[in-house]
Amino acid sequence: MQVTTKPFGTIEVDERQKIHFPFGILGFEHLKWYVLLDASQAPFYWLQSMDDPEVAFVMIDPLVFRPDYRLEVVKEELQEIGVKEEDDILLFAIVTIPENQQLMSANLQGPVVINRGAKVGRQLISLNPNWKVKHFILEELAQVKDEAC
Amino acid sequence: MLILSRKVDESIIIGDEILVSIVDIKGDQVKLGIQAPKDVKVYRQEVYEAIQQENLAAARTSADLPEIKRLSGKKRTKAQDTPDSGDTSQR
């Protein structure tokens, strides 16, 4: 299928990359269908709206820079997208990249969870108050490396 | 805005299904108990708004992404590698 995307223009996308967000993304509740794309730059992904080419989110696997991150959310909210056990899910954090890219940050308070079997996704709200909307990726990554040394 | 005075252990009912009780009051902090149907989501307003604001900022990110070189060698899940519908047995 053809999808018009913010990063790549109009491209052919495999049906299997289509993800339903029945509750939308907070602030974008009217958009319910997205495609999950690999970004050309590792380790990012794009979550591209199928209905609005201008709406696309950069995402990252939070474990890449915060190996201690755990999904702590209301269980019912996971069940509502058909998740029965944690193995069913793909976990992402939405990334904000300001003009100074060194200050790119990930939102760990509002993780995005995708039920990979059913292809249904949802943004959830973490119950753990230690996870904030802005975690500076490069800074926290440096800390992880330091600890490993 | 409707303003009501309540004491500890008193409640208000919103609609037919939502019950908000004052569980405890200590200094400037009020502890609320909320009973609502499953499909009514209850969040702290500032958390909800912070995530919404962050999403709006994230959507303004330009299509030109930086590369985190230190990570590019890492094994990653391919977007199209997710198994077909129904197959959740794969570990």
Side-chain angles (χ1 to χ4, degrees), chain A residues 5-8 14 16-17 25-28 35-46 54-58 60-61 64-65 74 76-77 80 84-85 87-88 90 94-99 101-102 104-105 107 109-110 114-119 123 125 129 132-134 137-138 141 145, chain B residues 17-20 23 26 28-91:
Chain A
T5 70
K6 180 170 154 178
F8 310 120
D14 195 303
R16 287 175 299 171
Q17 285 162 256
I25 294 285
L26 294 181
F28 298 85
V35 285
L36 180 65
L37 307 169
D38 291 313
S40 14
Q41 297 85 348
F44 300 112
Y45 300 84
W46 282 101
E54 285 304 307
V55 177
F57 300 97
V58 178
I60 191 170
D61 173 353
V64 161
F65 73 100
V74 178
E76 286 79 25
E77 298 189 358
E80 282 164 12
K84 292 190 187 69
E85 47 188 310
D87 286 344
D88 296 345
L90 295 172
I94 294 179
V95 177
T96 302
I97 306 177
E99 219 156 295
Q101 297 186 331
Q102 292 298 308
M104 66 171 126
S105 62
N107 179 351
Q109 194 166 22
I114 294 174
N115 176 342
R116 55 179 179 175
K119 308 283 158 96
Q123 186 173 33
I125 297 181
K132 309 294 185 195
V133 293
K134 250 185 210 311
I137 296 175
L138 296 178
L141 189 58
K145 302 251 156 161
Chain B
E17 297 181 300
I18 301 172
L19 178 79
V20 181
V23 175
K26 262 192 200 135
D28 62 354
Q29 210 169 35
V30 178
K31 211 173 255 180
L32 300 176
I34 300 157
Q35 266 179 47
K38 266 189 183 171
D39 58 331
V40 176
K41 301 300 166 208
V42 179
Y43 298 113
R44 290 175 175 83
Q45 185 186 11
E46 69 277 12
V47 170
Y48 191 87
E49 284 177 355
I51 293 176
Q52 223 173 29
Q53 285 306 314
E54 197 56 32
N55 286 344
L56 292 170
R60 284 193 292 270
T61 291
S62 91
D64 175 30
L65 298 187
E67 184 146 2
I68 307 184
K69 290 220 171 58
R70 288 168 283 178
L71 293 172
S72 22
K74 262 193 126 161
K75 187 183 143 279
R76 59 200 297 252
T77 316
K78 278 267 179 210
Q80 56 270 48
D81 277 356
T82 56
D84 287 338
S85 190
D87 179 13
T88 51
S89 58
Q90 199 167 313
R91 300 272 156 124

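All values below were derived from every heavy atom in this structure, side-chain atoms included, with hydrogens, water molecules and symmetry-related copies excluded. First the proteins, then the strands, lettered A, B, ... as listed; each starts at 1.
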Side chain / backbone / both / neither for A:Glu99 at chain B, heavy atoms under 4.5 Å: neither
Can you tell me if CD on B:Gln29 sees more than 12 non-hydrogen neighbours from other groups inside 6.0 Å? no
Please identify each residue that fulfils side-chain hydrogen bond (donor to acceptor under 3.5 Å, both in side chains) with B:Gln45, with sequence neighbours left out. B:Glu49
Applying a strict 4.5 Å limit to non-hydrogen atoms, the region of A:Val133 in contact with chain B is both
Test side-chain contact (heavy atoms from CB on, under 4.5 Å) applied to B:Ile51 and A:Ile94, A:Asn107, A:Ile25, the passing residue: A:Asn107
Between B:Ala59 and A:Phe28 the two heavy atoms that sit nearest each other are CB-CZ, 3.6 Å
Using atom types as modelled and distance alone, determine if a side-chain donor or acceptor of B:Asn55 lies under 3.5 Å from a backbone N or O of A:Leu26. yes
Top contributor to chain B contacts, counting heavy-atom pairs under 4.5 Å, from A:Gln101, A:Lys134, A:Met104: A:Gln101
If you take all heavy atoms of B:Leu56 and A:Gly27, which pair is closest and at what distance? CD2-O, 4.4 Å
Going through the checks in order, is the side-chain contact (heavy atoms from CB on, under 4.5 Å) test met by B:Val47 and A:Gln109? CA-CA 8 Å; B:Val47 170; A:Gln109 194 166 22; 3.6 Å; yes
Hits for side chain to side chain contact (heavy atoms under 4.5 Å, CB included) against A:Gln102, two or more places apart or cross-chain, chain-then-number order -> A:Asn100, A:Leu138
Closest non-hydrogen atoms of A:Ser105 and B:Glu54, given as atom of the first, atom of the second and distance, are OG-OE2, 3.9 Å
So does A:Thr96 get a backbone contact from the side chain of B:Thr61, meaning a donor-acceptor N/O pair under 3.5 Å? no
